[in-house]
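One structure is given below, encoded as structure tokens.
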Protein chains: 2
Amino acid sequence: MRDFMDVIKALADENRVRALMALRGRELCVCQIIELLGLAPSTVSKHMSILKQARLVESRKQGRWAYYRLAAEDATPDAREALVWLQERLSTNPVVRTDRKKLQAIVRTDPEILCRGQCQARGALS
Amino acid sequence: MRDFMDVIKALADENRVRALMALRGRELCVCQIIELLGLAPSTVSKHMSILKQARLVESRKQGRWAYYRLAAEDATPDAREALVWLQERLSTNPVVRTDRKKLQAIVRTDPEILCRGQCQARGALS
DNA sequence: TGTATATTTCGTCATATGGCGAAATAAGGA
DNA sequence: TCCTTATTTCGCCATATGACGAAATATACA
């Protein structure tokens with residue numbers, strides 16, 4: 001039950017759900033997720049660690065950047081099923097659609113530029 | 001997104017999940033759910049109203065008793081899918097199994113006896 | 001009509017959650 | 001080695017949540 005509740009509680013926040021939907025089919029750098037959600041880096045980092053603890057995402061570190069992706073081999077059955085369900089229920093959702101638009105621009109931007117001073121002044125792309 | 005998040009947030013509490021699992025294939029009187037969860041009547045009532053708001057359960061009133069059941073025609077697609085998923089993921093769960101045992105005794109007990117003084121001293125069956 | 005009682009609503013409290021900024025950490029590049 | 005910077009950790013604050021008991025509500029029954 002603990003595993004299951006961890007997954008559900010991880011999903012019980014709209015920003016975390018949006019992050020998961022953004023990771024559909026690709027990995028993203030933390031700064032890209034920060035840009036998408038418009039939250040402070042520390043907040044996004046906390047959200048991602050909650051998702052990771054629930055085994056919904058995996059991460060790897062490359063140089064200064066940390067990349068997150070949807071969990072695959074690392075996922076528990078509960079997490080795996082939750083991810084499938086999420087994609088089925090939300091892929092046509094208006095919020096998710098809008099995020100996809102935003103992401104098109106975000107992924108086209110060089111992370112080097114995207115991250116620049118993100119901690120001091122957010123919204124480099126807006 | 002609002003509907004979906006309402007459903008997820010309604011599921012993000014173990015006691016509410018246990019209540020939903022207990023309603024599998026039958027309706028239950030509030031006093032029976034109180035007995036199962038071992039919580040104060042007011043607390044259980046609040047939990048059930050959250051489940052109802054998320055369209056996960058329906059209720060009817062018969063005499064002094066209120067009966068809750070899993071939502072059917074009243075359920076939104078989000079709620080309906082969530083209920084299916086819940087049953088699939090948790091029907092073999094240890095906590096749920098234990099609850100099923102408890103429920104066997106609870107449903108055999110006359111509600112009249114079960115409810116007696118439940119507000120003053122809980123745990124008539126223990 | 002009046003009483004008993006199952007349930008809900010309300011008020012309160014303790015804890016959990018989500019947000020931020022500052023400081024710590026880690027890794028690349030000078 | 002030292003500096004820059006992406007990310008995480010920590011400390012704090014405001015709000016949300018879940019618990020309870022008391023009071024209100026509603027309904028059967030005397």
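All chains are named by letter (A, B, ...) in the order of the sequence lines, taking the proteins before the strands, and each is independently numbered beginning at 1.
Residues A/V17 and A/L11 come closest through the heavy atom pair CG2-O, 3.1 Å. When all heavy atoms are compared, the tightest approach of B/Y67 to B/C29 is CD2-N, 3.7 Å.
Using modelled atom types, no side-chain atom of A/E14 and backbone atom of B/M5 make a donor-acceptor pair closer than 3.5 Å. At distances below 3.5 Å, not a single donor-acceptor pair connects side-chain atoms of B/R100 with backbone N or O atoms of B/M21. Not a single donor-acceptor pair under 3.5 Å links the side chain of A/T43 to the backbone N or O of A/L39. No donor-acceptor pair closer than 3.5 Å links the side chain of A/Q87 to the backbone N or O of A/R24.
Of all nucleotides listed (C/dG18, C/dT7, D/dT7), C/dT7 comes nearest to the side chain of B/A66. Checking D/dC10, D/dC20, C/dT7 against the side-chain heavy atoms of A/S42 singles out D/dC10 as nearest. Of the candidates C/dG18, C/dT5, C/dT7, the closest approach to any side-chain atom of A/R16 belongs to C/dG18.
In this structure, A/R64 atom CZ and C/dA27 atom P are separated by 12 Å, rounded to whole Å. The CH2-C1' distance, from A/W65 to D/dT5, rounds to 9 Å in whole Å. Rounded to whole Å, the distance from CG on B/N15 to C1' on D/dT17 is 13 Å. Spacing between atom CD1 of B/I33 and atom P of C/dA6 amounts to 15 Å, rounded to whole angstrom units. What separates CD of B/Q62 from C1' of C/dT5 is a distance of 16 Å, to the nearest Å. In this entry the distance linking CD of B/E14 with P of D/dA19 reads 10 Å, nearest Å. The NZ-P distance, from B/K61 to C/dT7, rounds to 8 Å in whole Å. One can place CG of A/L37 at 10 Å from P of C/dC20, the figure rounded to the nearest angstrom.
Judged by distance alone, the side chains of B/R55 and B/Q53 never bring a donor and an acceptor atom under 3.5 Å apart.
Between A/E58 and A/K52 there is no salt bridge, since no side-chain nitrogen of the basic residue lies less than 4.0 Å from a carboxylate oxygen of the acidic one.
The stretch residues 2-12 of chain A has no heavy atom under 4.0 angstrom from DNA chain D at all. Residues from residues 43-58 of chain B lying near DNA chain D, meaning a heavy-atom separation below 4.0 Å, are B/T43, B/H47 in numerical order.
Here A/Y68 reaches the OP1 or OP2 of D/dT8: one of its side-chain N or O atoms lies under 4.0 Å away.
The only option from A/T98, A/I33, A/L28 that meets the side chain to side chain contact (heavy atoms under 4.5 Å, CB included) definition with A/L103 turns out to be A/L28.
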